[in-house]
Amino acid sequence: MLLLLQQFPSLPSSGAASFPPPFQNVQSAFLCLRDCKRPPLPVLSAFSSGPKNWCDWNEDNANSSPFDLPAYKWRLVIAYDGTRFSGWQYQRSTPTIQCYLEDALTKITKLERENLHLVGAGRTDAGVHAWGQVAHFITPFNLANLDDVHKALNGLLPSDIRIREIGAAIPEFHARFSVTSKIYHYKIYCDAIMDPFQRHYAFPSVYKLNPDTMRDAAKHFVGRHDFTAFANGSRNDRVPDPVKIIFRFDVIEMGHLLQLEVEGTGFLYRQVRNMVALLLQVGMEAVPSDIVPMILASRDRKELAKFALSVPPQGLCLVAIKYKPEHLHPPADAPTSSFGRHRSIGRCKLPCF
């Protein structure tokens, strides 16, 4: 109860007159907050027309509000070098992107991490990089100057994690459930000697690869398929839907670098790395390009293991995430989004001769 009063000082200590339904007093609000506590959830924004009731939350309505109290939702676009991190997902024992981000947000907002309800668009694995990771969090108060918040966040975060953008979000926006497609790049360095400056960002291949056969094989991934054969066992309790839509799978030559670009509605655990691993075997001409539909049809991970093992994470990067356009519209009365700001010099400080 004390925590509730600290987070929302406007609540009265007794009486029911100023409590919106279903809360009759601070005790009932506390009981609802305690009994309905769940893993990080999205929350209704105070930029909207009115509050909702958290008690009505369920898995089919992921945008319900935790309680009939004002809350503001914020969207982040994040870039990070994943080399030294154990992925995105929060873990107590090892450093993750979410750990550092929540630590910075708690220092700025003075809220507990559980009250921020930080949600990421995807759980990148250890060693995987991102240029366009997206997350959202909530606060019970408005962040009037996002430029200052943006600067403070990047000042607290390590140099291999940067916030590229911060802005207000409407209640319907959800970093994970509003996604329409994700774009991943996987880089392969094709030369006898590995470029030391690429060692953390590309997979070295000492074999000569045939990009044309890789393109032919990649075409078989495009479309709606069951990707069970290309997914490792899920780390989550939920049973993921193995049917995904791949919009494009391009193989682009950039000097010694071969960049594989894939865009789809979503991806299973290690699906991209497993698809790349098979394309590598096709590029080395160890297997024919028409092996892809055969393995897809098998829906058996063991069938893929006969021909290819998963490639390492350092070549993989989450480049961009696309959302429903109507979910990206900023609230009418929201502060201006921050994309970072340049410093400026008011006048020349060099001596004149």
Side-chain angles (χ1 to χ4, degrees), residues 124-125 127-132 181-232 242-320 322:
T124 53
D125 295 332
V128 175
H129 315 292
W131 173 249
S181 70
K182 296 179 180 179
I183 301 174
Y184 281 92
H185 289 181
Y186 194 95
K187 292 183 179 180
I188 304 169
Y189 193 82
C190 307
D191 196 18
I193 306 298
M194 178 63 180
D195 182 346
F197 297 104
Q198 295 286 344
R199 71 189 188 282
H200 294 312
Y201 312 105
F203 170 68
S205 174
V206 295
Y207 296 95
K208 287 186 177 181
L209 301 178
N210 186 334
D212 292 329
T213 59
M214 295 175 73
R215 291 188 187 99
D216 291 339
K219 292 177 183 177
H220 294 294
F221 287 119
V222 177
R224 185 185 184 91
H225 302 288
D226 184 324
F227 285 95
T228 301
F230 288 87
N232 287 21
V243 178
K244 306 294 180 184
I245 301 174
I246 303 296
F247 298 117
R248 64 183 180 92
F249 204 144
D250 302 323
V251 179
I252 301 173
E253 298 175 74
M254 303 186 302
H256 290 302
L257 279 174
L258 201 61
Q259 183 164 285
L260 280 63
E261 302 181 2
V262 57
E263 179 178 359
T265 54
F267 300 93
L268 301 171
Y269 181 42
R270 293 197 177 178
Q271 178 187 333
V272 176
R273 288 162 61 184
N274 288 328
M275 292 191 296
V276 169
L278 185 60
L279 291 182
L280 268 173
Q281 295 298 318
V282 172
M284 291 186 287
E285 300 182 343
V287 295
S289 60
D290 58 3
I291 198 174
V292 174
M294 183 194 76
I295 295 178
L296 281 170
S298 74
R299 300 180 182 179
D300 187 354
R301 177 68 179 83
K302 294 179 181 178
E303 195 64 30
L304 174 64
K306 296 177 182 178
F307 304 97
L309 299 175
S310 182
V311 290
Q314 73 266 21
L316 187 61
C317 181
L318 174 57
V319 174
K322 296 182 180 180

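Shown here for Leu209 and Leu258, the closest heavy-atom pair between the two residues is CD1-CD2, 4.0 Å. Smallest separation of non-hydrogen atoms from Gln281 and Ala308: CG-CB, 3.8 Å. Contact between Gly266 and Gln271 at its shortest, heavy atoms only, is O-OE1, 4.3 Å. Considering every non-hydrogen atom in both Ala217 and Val292, the closest pair reads O-CG2, 3.8 Å. Between Ser310 and Ala277, the shortest heavy-atom contact is CA-CB, 4.1 Å. Between Pro242 and Asp226, the shortest heavy-atom contact is CB-OD1, 3.3 Å.
The main-chain N or O of Ile246 is never found under 3.5 Å from a side-chain atom of His225 such that the two would form a donor-acceptor pair. Judged by distance alone, with hydrogens and angles left aside, the side-chain atoms of Arg273 form a donor-acceptor pair with the main-chain N or O of Val311 at under 3.5 Å. The backbone N or O of Gln314 lies less than 3.5 Å from no partner atom in the side chain of His200, so there is not a single donor-acceptor pair.
The distance from atom CG of Leu279 to atom CG of Asn274, rounded to the nearest 0.5 Å, is 11.0 Å. In this structure, Lys322 NZ and Glu263 CD are separated by 4.0 Å, a value rounded to the nearest 0.5 Å. Rounded to the nearest 0.5 Å, atoms CG (Asp290) and CG (Asp216) are 10.0 Å apart. Here the CG atom belonging to Leu304 is positioned 9.0 Å from the CG atom belonging to Asn232, to the nearest 0.5 angstrom. Here CD1 of Ile188 is found 11.5 Å from CD of Glu253. Values are rounded to the nearest 0.5 Å. Here the straight-line distance linking atom CD of Gln259 with atom OH of Tyr186 works out to 12.5 Å at 0.5 Å rounding.
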Would you please test Phe307 and Leu278 for side-chain contact (heavy atoms from CB on, under 4.5 Å) and show each step? CA-CA 7 Å; Phe307 304 97; Leu278 185 60; 4.3 Å; yes

Passes side-chain contact (heavy atoms from CB on, under 4.5 Å), Phe247 versus Thr265? Steps please. CA-CA 8 Å; Phe247 298 117; Thr265 54; 3.6 Å; yes

Could you walk me through whether Met294 and Glu303 satisfy the side-chain contact (heavy atoms from CB on, under 4.5 Å) test, starting with their C-alpha distance in whole Å, then the side-chain angles of each, then the deciding distance to 0.1 Å, before giving a yes or no? CA-CA 9 Å; Met294 183 194 76; Glu303 195 64 30; 4.2 Å; yes

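A salt bridge is defined here as a Lys NZ or Arg NE, NH1 or NH2 lying under 4.0 Å from an Asp or Glu carboxylate O, and Arg248 with Asp250 meets this definition.
Only one option out of Leu260, Leu316, Leu257, Val276 pairs with Lys187 in a side-chain contact (heavy atoms from CB on, under 4.5 Å); it is Leu257.
No side-chain heavy atom of His256 sits under 4.5 Å from any side-chain heavy atom of Asp195. Residues Leu296 and Phe227 meet the side-chain proximity criterion, which asks for heavy atoms closer than 4.5 Å.
A 6.0 Å sphere centred on CD1 of Ile245 holds more than 12 heavy atoms belonging to other residues, nucleotides or ligands. Residue Arg301 places its CZ atom among more than 12 non-hydrogen atoms of other residues, nucleotides or ligands, all under 6.0 Å distant.
Between Tyr184 and Phe267, the ring planes are perpendicular. Angles over 60° get that label, and only those under 30° would be called parallel. Between Tyr201 and His129, the two ring planes are tilted [angle within 30° to 60°].
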